[in-house]
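Here's the structure, in structure tokens; my notes come after.
Fair warning: this is a prediction, and the values are worked out from it, not measured in the lab.
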Amino acid sequence: LEAGKWTIEGNWLEKNKTPIPVKGRTLIAWTDESWFTMVTKLIFPGSDLPEISFQYRGRLASGDRHYTYVLQQSLMGRVEGEGWIGSESIIQRYWVLNDSERRSGFETFYRMDKTTYYISSGILVGHYLTSTMEAVLKRQS
């Protein structure tokens with residue numbers, strides 16, 4: 001994903017509930033040493049769900065297609081993750097360390113064009129999905 005400001009718009013889904021509209025913003029920055037930071041804030045207009053924030057930090061070495069990162073997330077706290085870069089998508093998986101509930105999650109960013117990605121993500125407790133999100137991520141000019 002390119003550095004810059006991005007918007008998110010889509011739906012949040014929880015088990016046995018109707019989809020909830022979700023909106024958000026993402027800021028992405030890269031350093032010369034291939035370190036990246038990504039900060040995301042999601043809100044749920046017209047819903048009583050609290051906002052969710054994400055703060056990622058990781059490194060993608062030149063030529064690599066695999067990376068690791070740390071994430072501070074408002075729902076799960078500090079988590080670790082890994083990502084793989086495919087030809088048209090980025091797949092990320094993360095998990096909470098030493099967590100008795102075995103919470104984890106995943107995110108797939110599928111590139112539609114240089115400024116648009118489709119996101120599909122989910123949060124799990126043990127083996128069960130507790131929530132998913134489907135949204136469009138668009139880069140602002």
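The heavy-atom pair separating Ile43 from Pro45 by the smallest distance is O-CD, 3.4 Å. Smallest separation of non-hydrogen atoms from Arg65 and Ser87: NH2-N, 3.7 Å. Closest of all the heavy-atom pairs between Ile123 and Met76 is CG2-CE, 3.3 Å. Among all heavy-atom pairs drawn from Tyr67 and Arg59, the shortest one is CB-O, 3.3 Å. When all heavy atoms are compared, the tightest approach of Thr26 to Ile28 is CG2-CG1, 3.8 Å. The shortest non-hydrogen separation linking Trp84 to His66 is NE1-CD2, 2.7 Å.
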**Report entry** Step-by-step side chain to side chain contact (heavy atoms under 4.5 Å, CB included) determination, Thr130 to Tyr128
**Finding:** CA-CA 6 Å; Thr130 60; Tyr128 300 99; 5.6 Å; no

Report task. Carefully, step by step, assess Glu2 and Arg139 under the rule side chain to side chain contact (heavy atoms under 4.5 Å, CB included). Result -> CA-CA 8 Å; Glu2 298 289 326; Arg139 186 166 189 240; 3.9 Å; yes

Report task. Please report the C-alpha distance between Met38 and Leu1 in whole Å, then the side-chain angles of each, then the deciding distance to 0.1 Å, and finally whether the side chain to side chain contact (heavy atoms under 4.5 Å, CB included) criterion is met. Result -> CA-CA 10 Å; Met38 185 164 83; Leu1 293 167; 4.2 Å; yes

Requested in this report: Check the pair Leu129, Lys15 against side chain to side chain contact (heavy atoms under 4.5 Å, CB included), reporting the backbone distance first and the verdict last.
Outcome: CA-CA 8 Å; Leu129 276 171; Lys15 191 174 185 175; over 6 Å; no

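Rounding to the nearest 0.5 Å gives a distance of 11.5 Å between CZ of Arg78 and CD of Gln55. Between the CD atom in Gln72 and the OG atom in Ser53 there is a gap of 8.0 Å [rounded to 0.5 Å]. Distance check: Ile20 CD1 to Glu14 CD gives 5.0 Å after rounding to the nearest 0.5 Å. Considering CZ of Arg93 and OG of Ser121, their distance stands at 15.0 Å, rounded to 0.5 Å.
Looking at heavy atoms from C-beta onward, Tyr118 lies out of side-chain contact with Leu137 at the 4.5 angstrom threshold. When side chains are defined from C-beta on, Trp12 counts as touching Leu42, because their heavy atoms get closer than 4.5 Å. Ile8 places a side-chain heavy atom less than 4.5 Å from the side chain of Thr40. The shortest side-chain heavy-atom distance between Val136 and Glu9 does not fall under the 4.5 Å cut-off. Between Gln140 and Trp6, every side-chain heavy-atom pair lies at or beyond the 4.5 Å cut-off. Using a 4.5 Å heavy-atom cutoff, the side chains of Phe54 and Leu71 are in contact. Side-chain atoms of Leu124 and Phe106, non-hydrogen and from C-beta on, do get closer than 4.5 Å to each other. The closest side-chain heavy-atom distance from Glu82 to Gln92 is not below 4.5 Å.
Residues Ile91 and Tyr110 do not share a hydrophobic cluster, clusters being chains of Ile/Leu/Val/Met/Phe/Trp/Tyr side chains in contact below 4.5 Å. No continuous path of hydrophobic side-chain contacts links Val39 to Ile119 [ILVMFWY only; heavy atoms under 4.5 Å].
Tyr69 and Tyr56 have tilted rings, their planes meeting at an angle from 30° to 60° on a 0 to 90° scale. Ring pair Phe109/Tyr117 is perpendicular by interplanar angle, where above 60° counts as perpendicular and below 30° as parallel.
Cation-pi geometry between Arg57 and Trp35 is satisfied (NZ or CZ under 6.0 Å from the ring centre, within 45° of the ring normal).
Checked against Met133 for a side chain to side chain contact (heavy atoms under 4.5 Å, CB included), the options Asn11, Leu13, Ile52, Val22 give a single hit: Val22.
With hydrogens and angles ignored, the 3.5 Å screen pairs no side-chain donor or acceptor of Arg102 with any backbone N or O of Val96.
Using a 4.0 Å cut-off between charged side-chain N and carboxylate O, Glu51 and Lys41 make a salt bridge.
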